[in-house]
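For ligands, and for the atoms within them, numbers begin at 1 and follow the listed sequence. Nothing here was measured: the structure is a model prediction, and the numbers come from that model.
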Amino acid sequence: MFSKNFQRKYALTDQGIRNTRKGAFWTVIVNLIVMGGMGILYQMTTAFMDTLTDGQPLPAALPFIGLAVLFVLLSFVTHLQQYQATYGLVYNEVKATRLSLAERLRKLPLGYFGKRDLADLTETLMGDVNRMEHVWSHVLGYLYGAYISTTVIAVCLFVYDWRLAIACLWGVPVAFGLLFGTRKLSARSSERTKKAALRVSDGIQEALENVREIRATNQEDRYLDGLYQKIDAHERVTIQGELGTGIFVNAASVIMRLGVATTILVGANLILSGQIDFMLLFLFLLVITRVYAPFDQSLALIAEMFISQVSADRMNEIYDTPVADGADHFAPKGHDIVFDHVSFAYDKETVLDRVSFTAREGEVTALVGPSGSGKSTCARLAARLWDATGGTIRVGGVDISTVDPEALLADYSMVFQDVVLFDDTVMENIRLGRRGATDEEVRAAARAANCDEFVHRLPNGYDTPIGENGARLSGGERQRISIARALLKDAPIVLLDEATASLDVENETKVQGALSRLLTGKTVLVIAHRMRTVAAADKIVVLAEGRVAEEGSPADLMKKGGLYRRMVELQSQSESWKLG
Ligand code: ADP
């Protein structure tokens, strides 16, 4: 019953499955003890009935009182154990699950995050785990425990009288049959609800992120209308879903309880025909109320258990995605980066096609080419943010696909166009470059990257929080923070993607100074659109449509008169272009 499949079906950790077993065990004990209580009640009633009908002396009260006290004690202790095993331990399970999902996410290749949007992932980590928590705590232990205890009780009832047993229990399989029969419907409506909810949260996130554009283009009304429609649609499918499952769950509950009526009917007939005495019917009626009780709670939540399949699937999808792992130890011989017939596709379409080139240590290698030719992709692959689909990339002779990204990235400084900043102070954002760097070291790096000038204008200098993803900073300022980070890290490989694109001329000149300090002696792979940025490079690799079109020193390529020369000429023309 609690196999590997079960564990996967409910996305339980190893500890979780052990706790579920424990929960089911204590549920069985609790249910049997409650039945024992019914037994005491039955014995008491029989004794009193004997007194009433046969004039026998009143039974001694003490044994009954003793039994009742024992029952209360046992009941208390076992309920406590059951509570611990179902509700108590589940909080650890929630924590363990979130941590194991987060740990998994940390190791997934970056490409995965491009495929699944972030609102969706957050929903899995928070919402889906919450939903599973309800199932783990309220349903699994109780339901599976009730299956076992009811089977035991059913066997006993059959031993007493099979006719009454059938009259009493037929409702249970029929009710569950109905629920399991309609579970596809529940799952489908839950999937619909989840999609509608996701559309709403995506819409809100999009609106917040693009509030400036929406206002600037006067699209507020149109956008809000769209959002309201999504909210209405969500409301509609949620109500439909609740109604659907509500009908089936209540119908199942009523069907199960019809057992009381059939037991009375069959029992009365059996008494009338003299086949059983009244006390047996009384025993069955006592028992019957307790047979249904354990199912009550799980029945109300069973729809949730069916629906939870969607959540469990989404969690399993994260567990199933192969992680980008490898050796923790990265000891290359030097830091030459070699692309050896590297091919790559984000989806189906080939973005890089057998690209080969070498970026040598101590040299600046510039990637140029028309937009969309695959330059940024090369930089991302060089840092193993994605894994190449064909060919190998070696750093100092080591195939980087065999190295754990965390170990690998210790040797990289990256200044990318899309700078990621955290909602923290300037100081902490720069310190991300090297954990444990002193404040003075951070300030020195910031000065070298020309951050000083704008940081001093902030209300609290380096201790000013910069808002979510640096919302308070301009593009150029963000980029300088990113350069400061790289300076602080001082890694042997530097990847620059359009590093100076958002800087004005004055700042660019200042930052260039800082950059040249950063770049000396390193393996530098730089992507720049502006030809004058790359004219000083040692080597240029020209990409066109995912292939290496030409490579060589800037002077050689100018002489050759190919794509590079054309790009240089085109840019010098556009730079001499003036307004009016
Ligand atoms: P460049 O840096 O030369 O402008 P890129 O490497 O950014 O070119 O892009 C190369 C191709 O890959 C483009 O066609 C682009 O649309 C596609 N591409 C880039 N990033 C992604 C991504 N995350 N998912 C899917 N396709 C992408």
So is there a nitrogen or oxygen of D347 less than 3.5 Å from a nitrogen or oxygen in ligand 1?
no

Over 12 non-hydrogen atoms of neighbours within 6.0 angstrom of CZ in R98:
yes

Within 4.0 Å of some non-hydrogen atom of R380, the atoms of ligand 1 are 20 (N)

Which heavy atom of S401 sits nearest a heavy atom of D387, and at what distance?
CB-OD1, 4.3 Å

Ligand 1 to S373 polar contact by distance, N or O atoms, under 3.5 Å
yes

Residue, atom and distance of the protein heavy atom nearest atom 6 (O) of ligand 1 read T377 OG1, 2.4 Å

Can you list the ligand 1 atoms lying under 4.0 Å from a non-hydrogen atom of V351?
10 (C), 11 (C), 12 (O)

Going by atom types alone, do S343 and R354 pair a side-chain donor with an acceptor below 3.5 Å?
no

Residue, atom name and distance, where the atom is the protein heavy atom closest to atom 2 (O) of ligand 1:
S376 OG, 2.6 Å

Spacing of F454 atom CZ and I481 atom CD1 [to the nearest 0.5 Å]
4.5 Å

How far is atom 19 (C) of ligand 1 from its nearest protein heavy atom, and which residue and atom is that?
Y346 CE1, 3.4 Å

Can you confirm, on distance only, whether ligand 1 has an N/O atom lying under 3.5 Å from any N/O atom belonging to G374?
yes

Any idea which protein heavy atom is nearest atom 14 (O) of ligand 1, and the distance to it?
G372 O, 4.1 Å

Using a strict 4.0 Å cut-off to heavy atoms of K375, name the atoms of ligand 1 that fall inside it.
1 (P), 2 (O), 3 (O), 4 (O), 6 (O), 8 (O)

Hey, is atom 11 (C) of ligand 1 touched by any protein heavy atom at less than 4.0 Å?
yes

